[in-house]
Amino acid sequence: MPTLTMIGAINTALSEEMHRDERVVLFGEDVGKRGGVFLATEGLQKTFGPDRVFDSPLSEAAIIGAAVGMAAHGLRPVAEVQFADYVFPGIDQLFSQAAKLRYRSGGQFTAPMVVRMPTGGGVKGGHHHSQSPEAHFAHTAGLKVVVVSTPYDTKGLLKSAIRDDDPVVFMEPKRLYRALKEEVPEEDYLIPIGKAAVRREGSDITLVSYGGPMLETLKAAEEMAAAGISPEVIDLRSVLPWDKEAVLSSVAKTGRLLMISEAPRTASIASEVTATVSEELFDQLLAPATRVTGFDIPYPYAQDKLYMPTVTRILNAAKRVLDY
Amino acid sequence: MPTLTMIGAINTALSEEMHRDERVVLFGEDVGKRGGVFLATEGLQKTFGPDRVFDSPLSEAAIIGAAVGMAAHGLRPVAEVQFADYVFPGIDQLFSQAAKLRYRSGGQFTAPMVVRMPTGGGVKGGHHHSQSPEAHFAHTAGLKVVVVSTPYDTKGLLKSAIRDDDPVVFMEPKRLYRALKEEVPEEDYLIPIGKAAVRREGSDITLVSYGGPMLETLKAAEEMAAAGISPEVIDLRSVLPWDKEAVLSSVAKTGRLLMISEAPRTASIASEVTATVSEELFDQLLAPATRVTGFDIPYPYAQDKLYMPTVTRILNAAKRVLDY
Amino acid sequence: MIKDQIEFQPFTPEPIRVLSEEGVWIAPFELDLDPATLERFYSEMVAARMLDERFTILIRTGKTSFVAPHSGHEGAQVAVANALRKGFDWLFPYYRDMGLALAMGVPLVEIFGQMLGSAADPAKGRQMPSHAGSKALHIFTVGSAIASHVPPATGAAISMKLRGTGQVAVCTFGDGATSEGDWHAGVNFAAVQGAPAVFVCENNRYAISVELTHQTASPNVAEKARAYGIPGYRVDGMDVLASFYVLKEVVERSRAGHGPALVELEVYRYGPHSSADDDSRYRPKAEVEAARKRDPILRYRKFLEGQGLWSEAAEAELRARITHQLDTALEEAQAAGEAPVEWMFEDVLSSRPWHLEEQRRIVLEELR
Amino acid sequence: MIKDQIEFQPFTPEPIRVLSEEGVWIAPFELDLDPATLERFYSEMVAARMLDERFTILIRTGKTSFVAPHSGHEGAQVAVANALRKGFDWLFPYYRDMGLALAMGVPLVEIFGQMLGSAADPAKGRQMPSHAGSKALHIFTVGSAIASHVPPATGAAISMKLRGTGQVAVCTFGDGATSEGDWHAGVNFAAVQGAPAVFVCENNRYAISVELTHQTASPNVAEKARAYGIPGYRVDGMDVLASFYVLKEVVERSRAGHGPALVELEVYRYGPHSSADDDSRYRPKAEVEAARKRDPILRYRKFLEGQGLWSEAAEAELRARITHQLDTALEEAQAAGEAPVEWMFEDVLSSRPWHLEEQRRIVLEELR
Ligand SMILES: Cc1ncc(C[n+]2csc(CCOP(=O)(O)OP(=O)(O)O)c2C)c(N)n1
Ligand SMILES: Cc1ncc(C[n+]2csc(CCOP(=O)(O)OP(=O)(O)O)c2C)c(N)n1
Ligand SMILES: [Mg+2]
Ligand SMILES: [Mg+2]
């Protein structure tokens with residue numbers, strides 16, 4: 001079984017899906033000759049030709065909006081937004097067109113498309129190469145939102161996204177692109193959108209996270225385990241729909257929830273998860289459902305690492321939850 | 001004391017601020033000759049001339065972005081986005097420019113500007129004349145976000161917003177524009193951004209809301225009172241920063257929180273408030289902090305009234321909280 | 001159909017016309033349309049006008065909540081519908097295109113269903129009135145956000161090119177739309193791709209109250225095509241034949257692989273911007289009256305009469321027929337009843353995840 | 001300064017030049033710049049080049065994380081800095097403008113402070129390297145989002161007009177930027193307002209790897225001005241004097257009330273798009289070598305030598321001086337140390353609300 005990075009898994013998934021289905025096309029800024037600034041589409045223009053893998057002009061509105069039209073017309077476009085931070089010039093296309101097309105047409109027109117985007121911090125990218133805008137997408141009806149954290153999942157989820165009949169925002173934590181390698185089966189497999197993964201079983205506290213901070217969350221869990229605590233770790237993988245059942249059943253067991261995300265805190269996915277758990281497991285919670293999040297500040301260059309939930313910060317918060 | 005509608009209060013506040021401060025200018029689609037599609041700026045071009053009150057081309061990016069430049073250069077622009085739903089084509093200007101200018105320049109440049117926008121449902125506006133996008137703004141560091149609900153507050157808060165040194169998104173629930181009249185003093189007064197108002201004192205349950213649904217919330221409170229329950233009603237007025245102190249001290253007293261908002265549920269202001277209260281008042285809550293919200297669907301035309309929290313829905317939820 | 005001798009020139013200083021304001025043929029080529037076609041154009045324009053008038057009644061009687069009147073745009077809209085291959089090419093219209101929707105063949109009952117948000121609306125009452133759409137007819141359902149349909153039109157055109165379907169994507173919009181960033185982004189991408197997209201501006205010189213001179217400093221809309229390296233045509237949009245001929249040529253050139261074009265159809269909107277607007281706030285009555293003198297229907301009727309193709313009797317018969325169609329369709333749309341509440345939580349996504357199921361139950365509980 | 005006889009024409013088929021590629025004066029008017037000015041242009045270009053080279057060393061030695069090389073753009077950037085009134089007019093630059101920032105007078109220690117994210121950065125280490133800014137010098141702090149500074153430049157220009165300050169807003173950007181909706185929206189609004197804004201494209205024919213032909217089907221960038229009813233000038237941006245003359249004329253015309261203009265400066269970027277880029281993936285080495293033959297510095301040096309204004313000795317002295325300045329400033333910026341953590345929660349808003357105070361305490365607790 002080949003060992004792949006997340007970037008490798010993306011490239012493989014795209015390639016396999018393009019072989020499988022003629023309707024799959026890739027485009028975006030620099031995805032063609034250059035193979036994308038992170039090389040996610042490397043070699044694909046050579047393999048599939050410039051009709052199916054091509055560069056767009058520098059406009060996210062053009063990219064996302066054209067994907068809507070292609071999808072409505074019958075293609076299965078996979079559009080790349082070069083950084084999640086740059087979705088905003090094109091976000092009206094995502095919100096007013098992609099997300100609402102099925103509903104507004106009474107189900108006549110649909111937009112089965114994927115918008116891929118590198119997300120999150122940790123690469124010294126400053127304000128505009130570090131943001132985690134998933135809450136904006138999850139707050140907007142009509143989209144599905146995936147944030148991956150492992151190469152294996154990436155392949156299975158990207159394939160699901162491409163075959164999905166809805167517009168899927170597919171977020172790839174860029175600091176994980178080459179941070180870990182994993183065995184990824186060569187065969188075709190799918191991971192369902194909307195299902196979380198239990199990354200570690202435990203009984204004392206539930207740590208829920210997704211995307212980039214899965215790294216620190218798992219490290220923190222190890223440290224906790226070393227200290228005799230038994231944490232359960234859940235990777236949401238999809239944030240819309242998010243797997244409420246998985247989270248509730250874990251927290252029902254542990255009685256404690258620490259939610260970790262690197263996105264800004266206010267009105268975030270972390271808020272949603274802790275609000276829901278607090279509401280639905282009111283009697284089972286042994287301690288307040290607590291959040292460790294990114295901050296409500298523009299992403300700072302100099303404190304690149306400090307912005308994201310550090311292992312220390314997770315441990316500090318977990319201690320408060322456990323000691324409550 | 002004159003009796004004004006919310007539209008009247010806006011017009012008055014704009015006019016007074018323009019008299020007070022030469023730097024205040026108004027612009028946006030149709031704000032000039034037409035006086036805005038809701039007549040918020042009616043007569044102001046006549047009074048202050050087309051240099052200070054003018055129409056922009058049909059581009060929200062131009063409107064918001066130009067406001068940033070005007071503000072950085074020393075004016076105090078009040079830009080109008082014709083409907084909150086149409087902020088999205090210009091949201092990158094709000095997020096990448098207005099919100100981050102102070103931070104990215106180390107405090108050298110600032111963007112003291114107001115972006116006014118009619119918000120919310122209830123006017124048979126369908127997908128694109130009904131949305132309540134405040135969560136997007138609150139999730140984005142560098143903005144202040146106000147949602148008004150009474151003519152009196154509107155005047156005081158709009159003046160505060162214009163004098164504020166930060167970019168303020170000023171949201172006006174359009175269904176309240178002419179729904180209520182109230183005495184509004186002629187003198188200059190300010191209502192601080194970030195401070196909630198207790199609309200009704202009570203001891204059994206805290207109802208927190210803001211904007212449009214304040215109407216239904218107050219009606220529901222009356223019905224509850226008639227049924228012998230004593231609800232406390234808080235109007236947040238600002239959703240970023242929101243008045244945590246006011247909410248916590250009320251819920252500490254009543255032990256029960258029902259949060260009402262017409263915005264979509266997932267990752268919303270309502271999520272934020274209940275998540276925070278659940279976390280911080282874990283031991284004082286007598287029942288789950290509960291939300292009544294808009295739905296995670298595109299705003300439907302045919303079910304215009306049903307989308308928003310109805311009095312019945314608020315009462316149903318309150319009953320569950322009280323009976324818990 | 002495409003004239004051998006004549007090719008329309010882009011970027012003409014004056015709008016292209018084939019009929020004088022008195023309805024006299026003034027083109028430097030021969031009329032080559034058969035009487036049936038010529039008469040159809042007329043019927044479609046009259047139907048569009050009468051539909052608009054009926055809408056006004058719906059508003060006055062409180063039966064609908066919103067209308068964006070298209071009177072004055074009928075020549076342009078009928079030309080668009082006839083220049084493309086109906087049901088084969090794709091149309092990306094905007095909210096002022098109900099006359100166009102009708103000319104495209106959208107059944108009147110669907111049109112009224114949409115206007116009333118009734119159960120007869122194939123789009124399930126989801127949107128404000130004046131938002132047409134039909135998958136069967138390849139009419140991309142209108143959304144309210146100005147110019148946001150332009151990049152999707154480009155995307156469809158790219159798909160058409162890629163797959164060699166021989167289709168063309170025709171996208172209509174107002175003059176105000178040209179200021180939006182999405183308009184620019186969409187047209188530019190189509191041009192770079194050489195995709196079969198035809199962008200059609202129904203330039204009525206107002207965006208609600210904002211006059212064209214406050215919208216752009218460009219002398220006209222067609223000129224904007226230069227920014228994208230594509231041809232731009234300036235046409236008298238109240239001359240249905242000129243609009244048709246230019247559009248037909250442009251659509252077929254685009255189909256043949258010549259890439260996108262921008263066509264500006266100069267029209268005038270007789271009514272207010274919408275039923276929520278009071279146009280007397282920003283334009284003089286006299287201006288409206290003057291525009292009515294160039295009325296596309298009157299002018300074209302004079303032409304038809306000159307050709308011996310139209311009569312008072314034909315007019316009366318036509319109007320009676322349309323009135324009857326409008327009556328029947330409206331009745332049917334009303335009889336369909338309100339859009340059912342169950343539709344509220346359908347079609348958000350391809351299936352209903354738990355959170356929507358929960359939210360649906362809240363509403364159902366409340367209604368019980 | 002502004003030549004009486006000659007007015008540059010917009011929309012020329014060929015780029016405007018005053019120096020041949022061999023550095024010979026070929027303009028149809030007389031050179032009217034004094035030797036000190038001519039020499040300053042040269043020094044500024046060399047300083048810009050040497051700054052860029054120093055940046056490359058910072059990258060190689062791991063002292064900074066990112067650079068957007070500007071070598072090849074020096075003629076254009078020095079021309080911009082000299083065409084406006086420094087510290088009076090406002091400049092809205094982009095990330096490839098560190099040479100321009102230097103020519104504008106941003107102190108080298110601030111530049112290095114920004115490049116290192118050190119405490120010497122007046123912007124407090126908040127952004128990636130290559131993002132200049134200075135309130136004192138009226139340089140609007142660069143943000144990374146392409147073209148997002150264009151509408152703000154328009155806003156500043158509207159403010160200037162409204163208040164009659166006599167200033168001009170000059171906004172620079174790349175060729176790729178012209179495809180963004182915000183670019184369109186910003187230029188259009190400025191044109192409608194007749195505001196004193198000058199839009200300057202540093203057209204290096206690439207947006208990272210995307211060639212101009214995939215960016216736009218327009219034959220050149222200047223042509224896009226037509227869409228807005230403003231003049232567009234196509235200039236050899238590797239000819240510092242042509243760039244300066246055209247810009248100077250355009251800036252002063254704009255100041256005098258003639259509204260915006262678009263100036264396209266044709267340049268070439270010798271380096272990769274950024275330190276994170278490998279340009280061999282998308283363009284042949286030979287193309288880069290060919291462009292270097294048109295080098296703005298070499299060409300201009302030949303011209304200065306021809307005028308008897310430059311020598312080997314002057315060159316050696318200049319380079320030694322700049323090297324010394326670079327060394328000292330870099331040392332100072334490094335000595336300032338890291339940007340302190342306390343800066344993290346400053347300047348988000350004008351004061352710190354409770355939620356930021358809470359979040360700040362989380363970080364401080366963690367660091368204790
Ligand atoms: C993005 C966006 N902004 C604002 C509006 C509000 N609005 C609706 S129609 C209109 C004017 C459109 O004018 P034009 O494009 O000329 O079309 P016309 O109505 O004249 O046919 C405006 C500003 C909108 N629908 N979408
Ligand atoms: C809105 C946005 N989208 C994408 C990017 C990523 N990006 C950074 S530079 C660049 C290319 C810019 O090319 P151009 O405008 O020609 O300027 P140049 O770098 O060639 O000077 C891209 C796509 C960005 N910074 N902002
Ligand atoms: Mg119009
Ligand atoms: Mg470039």
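Note on naming: letters A, B, ... go to the chains in the order of the sequence lines (proteins, then strands), and numbering restarts at 1 for each one.
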Could you walk me through whether Glu358(C) and Lys244(A) satisfy the salt bridge (charged side-chain N to carboxylate O under 4.0 Å, His left out) test, starting with their C-alpha distance in whole Å, then the side-chain angles of each, then the deciding distance to 0.1 Å, before giving a yes or no? CA-CA 12 Å; Glu358(C) 282 183 9; Lys244(A) 187 173 82 163; 2.2 Å; yes
Under 4.5 Å from a heavy atom of chain C, the part of Leu101(A) involved: side chain
Check: Tyr103(A) main-chain N/O paired with Arg126(C) side-chain donor or acceptor under 3.5 Å: yes
Trp354(C) (side chain) donor-acceptor with Pro241(A) (main chain) under 3.5 angstrom: no
Can you tell me which of Ser59(A), Gly74(A), Ser96(A) forms the most heavy-atom pairs within a distance under 4.5 Å of chain C? Gly74(A)
Between the NZ atom in Lys124(C) and the CD atom in Gln108(A), the distance rounded to the nearest 0.5 Å is 9.0 Å
Compute the centroid of each ring, for Trp90(C) and then for Phe109(A), and state whether the two points are separated by less than 6.0 Å. yes
Of all of Thr276(A), Asp51(A), Val25(A), Asp165(A), which one pairs up most often with chain C through heavy atoms under 4.5 Å apart? Asp51(A)
Arg163(C) versus Leu75(A): any side-chain heavy-atom pair under 4.5 Å? yes
Cut-off 4.5 Å, heavy atoms of chain A, and the answer for Phe92(C) is neither
Do other residues, nucleotides or ligands put more than 12 heavy atoms under 6.0 Å from Gln284(A) CD? yes
What residue, out of Ala185(C), Ala156(C), Ala157(C), has the most heavy-atom pairs lying under 4.5 Å from chain A? Ala156(C)
Counting only N and O atoms by type, is there a donor-acceptor contact under 3.5 Å from the side chain of Gln93(A) to the main-chain atoms of Pro151(C)? no
For chain A, which candidate among Thr141(C), Val187(C), Asp182(C) shows the most heavy-atom pairs at distances under 4.5 Å? Thr141(C)
Around Lys86(C), counting heavy atoms of other residues, nucleotides and ligands shown, do more than 12 lie under 6.0 Å from its NZ? yes
Under a 4.5 Å heavy-atom cut-off, does chain A meet the side chain of Val348(C), its backbone, both or neither? both
When you look at Trp242(A) and His355(C), which way does the side chain to side chain contact (heavy atoms under 4.5 Å, CB included) test go after all the steps? CA-CA 9 Å; Trp242(A) 61 281; His355(C) 68 291; over 6 Å; no
Assess whether atom CD of Glu366(C) is packed by more than 12 heavy atoms of other residues, nucleotides or ligands within 6.0 Å. yes
Segment of Ser56(A) engaging chain C (4.5 angstrom heavy-atom cut-off): both
Heavy-atom pair of closest approach, residues Ser350(C) and Lys144(A): OG-NZ, 3.8 Å
Between Pro122(C) and chain A, with a heavy-atom cut-off of 4.5 Å, which part of the residue counts as in contact: side chain, backbone, both or neither? both
If we define contacts as heavy-atom pairs under 4.5 Å, which of His131(C), Gln167(C), Gln114(C) has the most with chain A? Gln167(C)
Look at Ala195(C), Ala136(C), Gly181(C), Ser148(C) and state which one has the largest set of heavy-atom pairs under 4.5 Å with chain A. Ser148(C)
Residue from Asp92(A), Val68(A), Asp166(A) scoring the most non-hydrogen pairs under 4.5 Å with chain C is Asp166(A)
Taking Ala99(A), Ser105(A), Ala61(A) one by one, which has the highest count of heavy-atom pairs under 4.5 Å against chain C? Ser105(A)
Structural part of His184(C) lying under 4.5 Å from a heavy atom of chain A: neither
For Leu143(A), is it the side chain, the backbone, both or neither that has a heavy atom under 4.5 Å from a heavy atom of chain C? backbone
More than 12 foreign heavy atoms under 6.0 Å from CD of Glu338(C): is that the case here? no
For the atom pair CG (Leu162(C)) and NE2 (His73(A)), what is the distance rounded to the nearest 0.5 Å? 10.5 Å
Which heavy-atom pair separates Ile158(C) from Met70(A) by the least distance, and what is that distance? CG2-CE, 3.8 Å
Between Gln97(A) (side chain only) and Pro152(C) (backbone N and O only), is there a donor and an acceptor less than 3.5 Å apart? no
Most contacts with chain A, counted as non-hydrogen pairs under 4.5 angstrom, among Leu356(C), Leu349(C), Thr165(C): Leu349(C)
Atom NZ of Lys195(A): over 12 foreign heavy atoms under 6.0 Å: no
